[in-house]
Novice: 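Before I ask anything, let me first share the structure, which is written out below as structure tokens.
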Amino acid sequence: MSSTVVSSGNFWTTFFVNNRVVSGVIIIALYLAILSFFGYLIAPYIKKIYTGENTKLRKYTDPIIGTIEKLAGVDRNETYSFKGYFISLIIFNFVAGAVTFFFLIFQGYFFRAPGQSVMSPSLAFNTIVSFLTNTNLQHYSSPSVLTYVDLSIVIIGLMFISAGTGFAASMAFVRGIMNDDKKLGNFFHDFLVAIFDLILPLSLIATVLLIIVGVPDVTYSNIIIHPFFGRLTVNIPVGPVASLEGIKNIGTNGGGFYGANAGYPFENPNWISNLIEVVSFTIIPIGSIFALGQALNNRKFGMMIYGVIMALFVFSALMTFFGEIAGIPAMANLGFNYGGNFIGKETAIGISQSSIFASGATLTSTGAANSALIDYTPAGILGVLFPLLLNDPLGGVGTGVLNIFTYVIFTVFLISLMVGKLPEIMSLKVSSKEIKYSTYSLITHPLIIIIPLGVVVLLSPILMSSFINTKPDQITQLLYEFASAASNNGSEMGGFTTNSAFFNIMDGIIILLGRYPIIGFQLVIAQSFATKKPKVMYGRTFDIGSFWFGLMLFFTMILLGLLSFFPILAVGPLLAWGKSFSLLIGGGLL
Amino acid sequence: MVEWKNILKIFKRSLIVTVISLVLLGLVIPTATAFIAEKVDPGSANGSQININGKIYGSYLLAQAFNRSYFFQPRPSAINYNQTESGAPCCSPNTNASINQTLKNLNQFEQMNKNVSISQIPGEMIMESDSGLDPNIPLAGAYLEEHRVAQSIINLSASRNVTLTLTAVNQFLYMEINSTAKQTFPVFGSYYVNVMYLDVGIINLLIKEGVIKQSSFD
């Protein structure tokens, strides 16, 4: 062979190019380092938003926010306690949902191109609910059922609204812990600040970077091409793809422009776009964790939570990576140069970057995917699935901080029972009310997964008949579908007909229950803290910023989150894993 | 207790903020961004279109079926390279359906590229991608295909009474492959090439050498 690119390098270059396992681990480590760096970089900025200080952008955004507030009749100095804040949040989300739902149903009569199909009401309900709650589970194969106006107003618009709502909730939560004036704030003001000071600027930066890398962004909806050797012209659907990608990732939304999501070359053409997307969906969640520590004057606490989340991140990413690079023995035995499970993965992204993307997407509530999860190995899907079962520990925009804090409260309660000290957070006493509501919010998640799963498996053989794959895979797929809905993640594994009235409505209800009651419980906790005055530190309690507390938090998360699902995992992915590696005694029976 | 009057007030505020947000954030800003992008960076904002003498044949980012042996073949597609769709194979890789499909793709590749040792065929070449339109193949796969492509180009041009030497074609193809090879990550990534670039290069060569007219690609 004449001069090849690969052999032209020195020893190490050749080593890294050929040794995919070592290189993959290094790539994953680099991704984690880069996304942590950017999270750390934005933390002081998010802290300023949390504490209400003036940010650098405030000069420019304040007139815009002020104008919208004036139009809507919002008085920013009017602050509310839990009830007023939460009712505003719910009504605002209800109105946004209702407006977009009717828009989606009725605009078909005005803007739709001839021949384009219209969404069924159940599908429209599912779509609206899922985009309104930052879930973005897609039961339709975009973009064929959506017009340009649908995509921009309904999909992009709701992506901003859901991210803004989540971040506003976290602003109220932090305020509740910091202040003791019994007030959480003004929802509409928080929402507008979250959008204009944080989410919109970041998503515009992401959009511009993605356009430079090669993601299309146009004002028309089709590229008309004459394919090679084809007689007829073909319309490739396009539109504001980069704009959608920007807010999709920054807002931890995850619903893609195309059916294959970030696996479609237009959405994610190469490693640079992949890195931009991973950084953009982790930047606000990780930044918020550091910012939480900084706002509460306890940087150690922020670092501790970061450490716990990173431990989960590393575990999830490596589990996925090794599961995928090991692949399926039956496939490897075919005799070709296997090199890992490349089914459903793009060449330009590779196994390691698909793994870090998939695990990052389920750790945050992003739910985007740059590879087909249905084609993952059982071990690989386990690595992607378990963050869903922990209710997205790194979380979405805003909701991440809330979810982690409920785990923290629960752990504080457990430890103080064990060592016999007063349960305290930031020198605020933790009383039965906070523990009760954090337990509610932790228990809601497994309940709304397991009950629907039982209903489907036990009661509806007709629904089960639409499955393509074998039994353990079916259970994994159902668990994944409901876990993704319940944790408002939106990552889609598929494998059965999801677009049926039953699944559309069932998922819609799970999504709603996984979003609003949990935010409600968490804001009740914030309200309860808002009525408490911090005590002087006597050193009578344990340090919640310490390594040991972090370790306890880690195991509490694993214990609470994973053990509730262990039986299902055993008959789902674990069984399939054992089967494909012939580890089971009597495995032939399956 | 929150009164009904206040609830109505919240509804009114919600409606106004919703409509402003949807129109401003959803429609105005993305459309403005796209409008600017089209003007400032037309190549990449318009989807990296393949333009041969003014005719748009597709995008460099989306693979098409090249059912001729004198072209490099993209990865197998679960959606038959349908440009309007995207899709991955239906089944988990531990199912028989998936293994049989891979075996079928393997046989197809072997049949097309005779004299290739099976243990050299990279997995990507015979496993379907996520989008079904993956335009890239691993560098090793391109080298495996190169022998067949070069020979087929020679045969084709001989049948059209154009003389091309094997050395020249090989040199051209290797130069095309090596100059367009990219890594999936700096230093640590594996190498891949874009099939659409290679095949458009071949088309341009064939047109330039007078082997084939552009109209025969329509």
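Residue numbering restarts at 1 for every chain, and letters A, B, ... go by the order of the sequence lines.
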Novice: Would you say N136(B)'s side chain and T347(A)'s backbone share a donor-acceptor pair under 3.5 angstrom?
Specialist: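 No, N136(B) side chain to T347(A) backbone: no donor-acceptor pair under 3.5 Å.
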Novice: Please classify the contact of I223(A) with chain B as side chain, backbone, both or neither, using a heavy-atom distance under 4.5 Å.
Specialist: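 Just its side chain gets close to chain B.
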Novice: Walk me through whether N274(A) and T184(B) qualify under side-chain contact (heavy atoms from CB on, under 4.5 Å).
Specialist: CA-CA 10 Å; N274(A) 200 59; T184(B) 54; over 6 Å; no
Novice: Report which part of V200(B) has an atom under 4.5 Å of a heavy atom belonging to chain A: side chain, backbone, both, or neither.
Specialist: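 Contact with chain A: side chain only.
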Novice: Please verify the inter-ring angle class for F66(B) with F229(A); under 30° counts as parallel, over 60° as perpendicular, anything in between as tilted.
Specialist: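 Rings of F66(B) and F229(A): perpendicular, as their planes differ by over 60°.
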Novice: So which part of L210(A) gets closer than 4.5 Å to some heavy atom of chain B, the side chain, the backbone, both or neither?
Specialist: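 Answer is neither: L210(A) stays 4.5 Å or more from chain B.
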Novice: Quick one: does any side-chain atom of Q83(B) pair with a main-chain N or O of P227(A) as donor and acceptor, under 3.5 Å?
Specialist: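 Such a contact is absent between Q83(B) side chain and P227(A) backbone.
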Novice: If we define contacts as heavy-atom pairs under 4.5 Å, which of N82(B), I20(B), V28(B), N96(B) has the most with chain A?
Specialist: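 Ranked by contacts with chain A, first place is I20(B).
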Novice: Could you tell me which portion of N370(A) (side chain, backbone, both or neither) has an atom closer than 4.5 angstrom to a non-hydrogen atom of chain B?
Specialist: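 Contact with chain B is through the backbone of N370(A) alone.
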Novice: Need one label for I161(A): side chain, backbone, both or neither, based on atoms under 4.5 Å from any heavy atom in chain B.
Specialist: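 For I161(A), side-chain heavy atoms alone lie under 4.5 Å from chain B.
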Novice: So which of T31(B), I126(B), I121(B) has the biggest tally of heavy-atom pairs under 4.5 Å with chain A?
Specialist: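 Option with the top pair count is I121(B).
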Novice: If I measure from the heavy atoms of chain B, does Y148(A) come under 4.5 Å with its side chain, its backbone, both, or neither?
Specialist: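 Interface part for Y148(A): side chain.
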Novice: N235(A) versus chain B, heavy atoms under 4.5 Å apart: side chain, backbone, both or neither?
Specialist: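 Contact with chain B involves the backbone of N235(A) alone.
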Novice: Rounded to the nearest 0.5 Å, what separates atom CE in M125(B) from atom CZ in F342(A)?
Specialist: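 With rounding to 0.5 Å, CE (M125(B)) is 12.0 Å from CZ (F342(A)).
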Novice: Side chain, backbone, both or neither: which part of V218(A) has an atom under 4.5 Å from a heavy atom of chain B?
Specialist: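 When you check distances to chain B, atoms from both the backbone and side chain of V218(A) fall under 4.5 Å.
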Novice: What part of F191(A) gets within 4.5 angstrom of chain B, counting heavy atoms only: side chain, backbone, both, or neither?
Specialist: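 F191(A) touches chain B through side-chain heavy atoms alone.
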Novice: Between I26(A) and F185(B), is any pair of side-chain heavy atoms under 4.5 Å apart?
Specialist: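 Heavy-atom side-chain distance check fails, nothing below 4.5 Å.
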Novice: Chain B heavy atoms under 4.5 Å from I225(A): which part of the residue, side chain, backbone, both or neither?
Specialist: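 Interface part for I225(A): both.
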Novice: Tell me whether S86(B) contacts the main-chain N or O of A260(A) through its side chain, where contact means a donor paired with an acceptor under 3.5 Å.
Specialist: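 Confirmed, S86(B) side chain pairs with A260(A) backbone.
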Novice: Name the residue from L15(B), I10(B), V17(B) that meets the side-chain contact (heavy atoms from CB on, under 4.5 Å) definition with F92(A).
Specialist: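 Exactly one option meets the side-chain contact (heavy atoms from CB on, under 4.5 Å) with F92(A), and it is V17(B).
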Novice: Measuring heavy-atom distances to chain A, does E85(B) have an atom under 4.5 Å in its side chain, in its backbone, in both, or in neither?
Specialist: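 Contact with chain A: backbone only.
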Novice: Tell me which of these, T476(A), D375(A), V95(A), has more heavy-atom pairs under 4.5 Å with chain B than the rest.
Specialist: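 When all of T476(A), D375(A), V95(A) are compared, D375(A) has the most.
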Novice: Which residues pass the side chain to side chain contact (heavy atoms under 4.5 Å, CB included) test with A98(A), not counting sequence neighbours?
Specialist: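 Checked A98(A) against side chain to side chain contact (heavy atoms under 4.5 Å, CB included); zero matches.
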Novice: Name the residue from I247(A), L200(A), I156(A) that meets the side-chain contact (heavy atoms from CB on, under 4.5 Å) definition with L25(B).
Specialist: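 Single pass found, and it is L200(A).
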Novice: Flag the one option from A88(B), S216(B), S48(B), S190(B) with the top tally of heavy-atom pairs under 4.5 Å to chain A.
Specialist: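 With the most close heavy-atom pairs to chain A, the winner is S190(B).
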Novice: Could you tell me which portion of L106(B) (side chain, backbone, both or neither) has an atom closer than 4.5 angstrom to a non-hydrogen atom of chain A?
Specialist: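 Looking at L106(B), just its side chain touches chain A.
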Novice: Tell me, side chain or backbone of I203(B) under 4.5 Å from chain A's heavy atoms, or both, or neither?
Specialist: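 It is the side chain, since no backbone atom gets that close.
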Novice: Can a donor-acceptor pair be found, under 3.5 Å and without considering hydrogens, that links the side chain of Q64(B) to the backbone of F228(A)?
Specialist: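 Between the backbone of F228(A) and the side chain of Q64(B) there is a qualifying donor-acceptor contact (under 3.5 Å).
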Novice: Just wondering, do V17(A) and Q183(B) contact through their side chains at under 4.5 Å, heavy atoms?
Specialist: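 Yes, at least one pair of side-chain atoms sits under 4.5 Å.
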Novice: Please classify the contact of T219(A) with chain B as side chain, backbone, both or neither, using a heavy-atom distance under 4.5 Å.
Specialist: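 For T219(A), backbone and side chain are both near chain B.
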Novice: Which one, G47(B), S119(B), P93(B), G87(B), leads in non-hydrogen pairs under 4.5 Å with chain A?
Specialist: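 With the most close heavy-atom pairs to chain A, the winner is P93(B).
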Novice: Between Q120(B), E128(B), R75(B), E110(B), which has the largest tally of heavy atom pairs under 4.5 Å with chain A?
Specialist: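 Sorted descending by pairs with chain A, the first entry is R75(B).
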Novice: Keeping S131(B) on the side-chain end and P265(A) on the backbone end, is there a donor-acceptor pair under 3.5 Å?
Specialist: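 Side chain of S131(B) to backbone of P265(A), a donor-acceptor pair under 3.5 Å: no, none is there.
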Novice: At a 4.5 Å cut-off on heavy atoms, which part of V215(A) comes close to chain B: side chain, backbone, both, or neither?
Specialist: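 Just the backbone, heavy atoms under 4.5 Å.
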